[in-house]
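First up is the structure itself, then whatever we jot down about it.
Chain identifiers are assigned alphabetically (A, B, ...) following the order of the sequence lines, protein sequences preceding nucleic acid strands; residue numbering begins at 1 within each chain.
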Protein chains: 2
Amino acid sequence: MTQTDDHPLSRPASQAQRAVHDRIAHDLGIAIVGGRYQPGDILPGEERYSAEQGVSRTAYREAVRVLSAKGLVHSRTKSGTRINDRLRWNMLDLDVLAWMFEAGPTQEFLRDIFELRIVVEPAAAQFAALRRDGQDISRMGHALEEMRRFGLQTSEGRAADQSFHRQILLATRNESLITLATSVTAVVAWTTRFARDARKESRDPMPDHDAVFDAIMRGEGEEARLKMLTLIRNASGDAGML
Amino acid sequence: MTQTDDHPLSRPASQAQRAVHDRIAHDLGIAIVGGRYQPGDILPGEERYSAEQGVSRTAYREAVRVLSAKGLVHSRTKSGTRINDRLRWNMLDLDVLAWMFEAGPTQEFLRDIFELRIVVEPAAAQFAALRRDGQDISRMGHALEEMRRFGLQTSEGRAADQSFHRQILLATRNESLITLATSVTAVVAWTTRFARDARKESRDPMPDHDAVFDAIMRGEGEEARLKMLTLIRNASGDAGML
DNA sequence: CTGCCATATTTGGTATGAGAAAAAACAGAT
DNA sequence: ATCTGTTTTTTCTCATACCAAATATGGCAG
């Protein structure tokens, strides 16, 4: 759970090797965010589910606790475990986002996340420009070097790209902003990985990146914000969003 | 869990009536975000904790599942349950935020959240101005009426204030933005509830609110953003932040 | 029809044990 | 002595059984 190691879509929806309660939470989570259960519906009871799926009540209960912690459901004795209203869902939780993505993301979902990105990342760049130190700058510079060397067609290049954005985040010195942006960029990464094959010729991303880096290095907050905005707009345009 | 019914600080840190696993998660959660356990530390084992605290291993395990779902810890056989690095924590989870607040919020924490608010709420107002419908406007108008009638000294007035902001959020039609802003405004509300007594004469909040409402009603996105920014800056100034 | 109460159902909690996985301790060879 | 491979031990993981508490449901009386 909450591992960011590999791509959530590379897993064929049903895998061994994972903890039982984790698999249950995963299955139920996808069923919920995918709409197979609607808000107000009640999940199968402990007895029933454990019997049908051949797992223990304990494992099922632990899975429900996880879903409950993420705001997807709430349990009450006798009435059962109900799906919460969507407004209660923790939409920014990494697992919830992954489940949404696996369940087949709706257009509204993707639009929401990209809008959030346009709100958050430029703001992050602005804060980063005001608070970065020498180490931040050298790390960003190194990431851009690697990115330029390998290009976005290679996995090394993409890793460098993500590292650059990550360094900007860390330089904001704002933990809540980091948490938020981590979730947002995860979804963006999953999305662009799909869009990659579909698109033909993408523009050279380096000038945009250099401009952002330059503004952050010079401590120009407002300029960093604007440059990041154009970077995102261009990238999103390439990825077919917007 | 995740109930927004009453103020988290009104509970005297130890309460009956709540589910056992919930109380455990609450206790451990506060201990973790409060720094009594540091990232890398390991929690007491199942056997030990259940023996010392007089609860069952099962209850303890369910509590750990909750903390794990919020990114605070991760369990592995033999090595035990470790506190995650802060970057893994789901800082925007309502419970995590509540625990931070209960544990005694640091200045950095409050600064982070207020910065996030300044990023998020103006953006929300902007989206709301572009997407609101007649019903949104009438609800916002009604909230402002009530707010004007009761004033911010009464609980009705404050409820109306929160309702106004909530209506703006809902009008964005962006669920991830709503989730995010819900967490942020919760912290802001807890904070201002404290600052309330300390401050003497607060400025009249109505002109700022009217300006935001007016811009949203007229569909002026950029203006709504700016007016909301002023509203927040003024309110934060009154509350002693910034 | 209305209000009250008994009952059945469902989650909540406890106790306990077998099992797997991984770290740590250990032993043997070079 | 150090490195390597094996064994031991610790700790989480999953399972089963049983009881408690809460509450939705339906029956019964007025």
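Regarding B/R48, its CZ atom lies at a distance of 11 Å from the P atom of D/dC12, rounded to whole Å. Straight-line distance from the CD atom of A/Q53 to the C1' atom of D/dA15: 16 Å, rounded to whole Å. The OH atom of A/Y49 sits 17 Å away from the P atom of C/dT10 (whole-angstrom rounding).
Each ring-ring contact (aromatic ring centres under 6.0 Å, His included) pair with one or both residues in residues 161-180 of chain A, not counting sequence neighbours, appears once here: A/F164-A/H209, A/H165-A/H209.
B/N90 places no side-chain N or O within 3.5 Å of a backbone atom of B/G71 that could act as its donor or acceptor partner. Using a distance-only test at 3.5 Å, with no hydrogens or angles considered, no donor-acceptor pair links the side chain of A/W99 to the main chain of A/V33. Checking side-chain atoms of A/D41 against main-chain N and O of A/I83 turns up no donor-acceptor pair under 3.5 Å.
With sequence neighbours excluded, no residue forms a salt bridge (Lys or Arg N to Asp or Glu O under 4.0 Å) with A/R36.
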Sequence-aligned protein contact record of nucleotides 11-16 of chain C, with B where the base is within under 4.0 Å of a protein heavy atom and S where only the sugar-phosphate is: BBBBBB
